[in-house]
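Notes to accompany the following structure.
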Protein chains: 2
Amino acid sequence: MSARGRPRGFDREEALKRAMSVFWAKGYDGASLTDLTSAMGINSPSLYAAFCSKEALFREAVELYKRTQGTEIWTSLDDAPTARQAIEHFLRKTAISYTTPGMPPGCLIVLGALPESGTNAAACAELREERADNVEQLRRRLERAQAEGELPAGADCRAIAAFYATLQQGMSIQARDGADRDRLMAIAEAGIAAWDGLAGSPSD
Amino acid sequence: MSARGRPRGFDREEALKRAMSVFWAKGYDGASLTDLTSAMGINSPSLYAAFCSKEALFREAVELYKRTQGTEIWTSLDDAPTARQAIEHFLRKTAISYTTPGMPPGCLIVLGALPESGTNAAACAELREERADNVEQLRRRLERAQAEGELPAGADCRAIAAFYATLQQGMSIQARDGADRDRLMAIAEAGIAAWDGLAGSPSD
DNA sequence: GGTATTGTATACCGATCAATACAGAAAAGA
DNA sequence: TCTTTTCTGTATTGATCGGTATACAATACC
């Protein structure tokens with residue numbers, strides 16, 4: 001690696017981690033450069049030299065978030081032997097992840113940038129795509145269960161996937177509103193109790 | 001009425017209606033005074049003379065929203081003869097209200113101001129209280145059903161209420177993400193299909 | 001008409017926004 | 001040592017933020 005010139009005086013990964021926390025807590029628009037730089041312990045020129053722009057920094061923060069936060073929510077989807085167990089893990093891990101001590105409540109992907117809410121067209125579009133991806137992951141797991149005979153052929157996997165994704169997104173708002181882990185877990189358990197009604201009798 | 005002085009040159013109610021639309025579409029922080037005044041067709045001094053401040057205008061906009069938008073969602077709660085039918089109406093009216101043509105998708109109460117997301121401590125607190133009120137309304141209806149014997153004595157009304165409120169809040173995000181009425185209705189139907197699992201076997 | 005009262009339009013306030021110009025500091029290569 | 005390269009701190013950019021001072025216009029009361 002060509003390490004010409006003055007070496008960087010801060011840990012890029014650590015600074016990114018702190019930027020992620022700020023975006024997570026305040027959203028893209030709510031996180032000012034002053035918020036970011038003071039949390040990262042650097043000045044704005046250093047931020048722009050290392051991350052190009054607020055938007056690029058946000059993109060990297062989202063990548064870091066996906067890589068490090070609540071990963072078990074999605075890995076357990078495919079690992080669980082049945083779709084029912086997959087959904088159980090999905091909801092319970094969500095309840096736990098959204099109330100991690102020392103971390104902002106709720107999910108960066110869900111709360112980080114609502115569409116049409118600000119100047120952040122790119123950030124909005126990126127998060128919306130992530131959310132759409134999440135619904136797809138759920139749908140694929142349910143269709144697998146359908147192929148394996150766990151779900152009846154008539155089950156509307158698309159609707160059930162949207163249902164659980166919607167519930168999870170609502171849990172972000174609940175967490176942000178102050179719901180503690182027990183309260184979130186009770187919602188998760190209700191979602192699990194809902195499974196039989198959904199898997200058994202698909203809506204017409 | 002003391003109509004001393006120069007009469008107001010615009011319709012206050014109409015201007016408030018337009019302000020509500022702007023807040024609804026962009027949220028408290030996302031709605032700039034320029035957005036508001038240009039939508040309302042007035043200049044900022046007129047806005048401040050009529051509504052005192054952005055925060056007070058937002059408060060009035062929220063009141064107007066509660067008074068005019070999706071009222072059937074909540075009136076049908078008490079009107080429906082059974083809790084099951086109440087929840088059916090609740091979810092279906094939500095799907096319809098959140099995708100009203102010509103109106104911003106989703107709900108102002110849910111999307112208007114996320115906690116910790118900006119400079120709007122008062123606006124956040126107000127909306128959070130509204131959301132908590134909504135959960136309470138659901139809980140009261142379920143407890144009534146419990147008293148009437150529709151729900152078993154062991155049912156966790158608080159958890160079921162939180163579950164449906166959470167689902168509804170998630171539907172706001174789905175709507176804002178572009179889900180059309182059919183898609184939202186499919187989620188609502190899934191929520192209805194979930195009822196039996198919830199009402200029959202309360203989570204331990 | 002004259003005065004008091006109230007609304008409107010223009011132009012502006014200090015603060016903050018995201019983003020940079022610039023100069024000095026710290027390293028590598030010659 | 002000297003040049004080149006890159007990073008850092010200070011100070012600043014133009015734009016926009018929510019909110020107003022001021023002058024003028026339009027009405028009611030007298």
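Proteins come first, then strands; the chains are lettered A, B, ... in the order of their sequence lines, and each starts at number 1. These figures come from a predicted structure and were not determined experimentally.
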What is the separation between atom [atom1] on [X] and atom [atom2] on [N], rounded to the nearest whole Å?
| X | N | atom1 | atom2 | result |
| --- | --- | --- | --- | --- |
| B:Asn43 | C:dA9 | CG | P | 5 Å |
| A:Arg6 | D:dC7 | CZ | C1' | 5 Å |
| B:Phe51 | C:dT8 | CZ | C1' | 15 Å |
| B:Phe58 | D:dG19 | CZ | P | 14 Å |
| A:Tyr48 | C:dT20 | OH | P | 7 Å |
| B:Leu47 | D:dC17 | CG | C1' | 14 Å |

Of all residues at least two apart in sequence or in a different chain, which pass the side chain to side chain donor-acceptor pair (under 3.5 Å) check with [X]?
| X | value |
| --- | --- |
| A:Glu136 | A:Arg139 |
| B:Arg128 | none |
| B:Asp29 | B:Thr119, B:Asn120 |
| B:Thr166 | none |

Exercise. Would you call B:Arg92 and B:Glu189 a salt bridge, using N to O less than 4.0 angstrom?
Worked result: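 Yes, charged N to carboxylate O under 4.0 Å.
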Exercise. Less than 4.0 Å between a side-chain N and a carboxylate O, is that true for A:Arg59 and A:Glu63?
Worked result: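 Answer for the salt bridge query: no.
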For this session: Ignoring the backbone of B:Ser46, work out which of C:dA18, C:dT8, D:dA28 is nearest its side chain.
Result: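 Given the options C:dA18, C:dT8, D:dA28, the side chain of B:Ser46 is closest to C:dT8.
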For this session: For B:Ser76 and B:Glu72, indicate whether the former's side chain and the latter's backbone hold a donor-acceptor pair under 3.5 Å.
Result: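 Yes, because the side chain of B:Ser76 sits within donor-acceptor range (under 3.5 Å) of the backbone of B:Glu72.
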Problem set entry | Under 3.5 Å: donor-acceptor pair, side chain of B:Lys17, backbone of B:Leu64 | no
For this session: Specify the residue among A:Ile42 and B:Glu55 whose closest nucleotide of DNA chain D lies further upstream toward the 5′ end.
Result: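 Counting from the 5' end, the first nearest nucleotide belongs to A:Ile42.
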Problem set entry | Working for side-chain hydrogen bond (donor to acceptor under 3.5 Å, both in side chains), residues A:Ser32 and A:Asp35 | CA-CA 5 Å; A:Ser32 71; A:Asp35 292 332; 3.1 Å; yes
Set out, line by line, the N/O atom pairs under 3.5 Å between protein and nucleotides 11-15 of chain C.
none

Problem set entry | Sub-4.0 Å heavy-atom contacts from residues 7-38 of chain A onto DNA chain D, ordered by number |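 Result for residues 7-38 of chain A: A:Pro7, A:Arg8, A:Gly9, A:Phe10, sorted by number.
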